[in-house]
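Below you'll find the structure, written out as structure tokens, and then a few comments.
We're numbering straight along the sequence, starting at 1.
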Amino acid sequence: MFSGDERKIMAFKPTTDALSAGYFLILLILIIAFLVSLYVSKRNKGNGSNILGKAKILDKAYLDNKVKMYVVEYEGKKFIIVENGSAITISENITE
């Protein structure tokens, strides 16, 4: 195939420069995306109905591997919530 010392050297991949414009552009886009996501998450932190701040989980019990029961207090009223992988059932206001 090759005769004598006439071998040609083939590079597997071209040499890359770590400071090339392509890498700098990708790094800049990643930094901008991170900063935008950080800004949006901080901006939306105080907005919304904040329902979890009003609800308290008083008790939690596992009825089965997939079935959980919660006793929840919301705005001074107590509810029983039962959930499995496909449905949630909420009781009416319970009294003691």
Test question: given the 4.5 Å side-chain rule for I, L, V, M, F, W and Y, name all other residues clustered with [X], or answer none.
| X | value |
| --- | --- |
| I32 | L28, V36, Y39, V40 |
| L30 | I26 |
| I29 | L25 |

Just how far is it from atom [atom1] of [X] to atom [atom2] of [Y], taken to the nearest 0.5 Å?
| X | Y | atom1 | atom2 | result |
| --- | --- | --- | --- | --- |
| E75 | K56 | CD | NZ | 12.5 Å |
| I81 | K60 | CD1 | NZ | 12.0 Å |
| M69 | I80 | CE | CD1 | 6.0 Å |

V67 and V82: CA distance, side-chain angles, deciding distance, side chain to side chain contact (heavy atoms under 4.5 Å, CB included) verdict: CA-CA 7 Å; V67 180; V82 179; 3.8 Å; yes
Check step by step if side chain to side chain contact (heavy atoms under 4.5 Å, CB included) holds for Y70 and E83. CA-CA 8 Å; Y70 302 93; E83 65 101 7; 3.8 Å; yes
CA sep, side-chain torsions, deciding dist, call: K78, L58, side chain to side chain contact (heavy atoms under 4.5 Å, CB included): CA-CA 9 Å; K78 292 182 182 177; L58 301 177; 3.8 Å; yes
Please assess D59 against I57 for the test side chain to side chain contact (heavy atoms under 4.5 Å, CB included), listing each intermediate value before the final yes or no. CA-CA 6 Å; D59 197 11; I57 298 176; over 6 Å; no
Is it the case that the side chain of N84 and the backbone of A87 share a donor-acceptor pair, with hydrogens and angles ignored and the cut-off at 3.5 Å? yes
For S91 against F79, the heavy-atom pair lying closest together: O-CD2, 3.3 Å
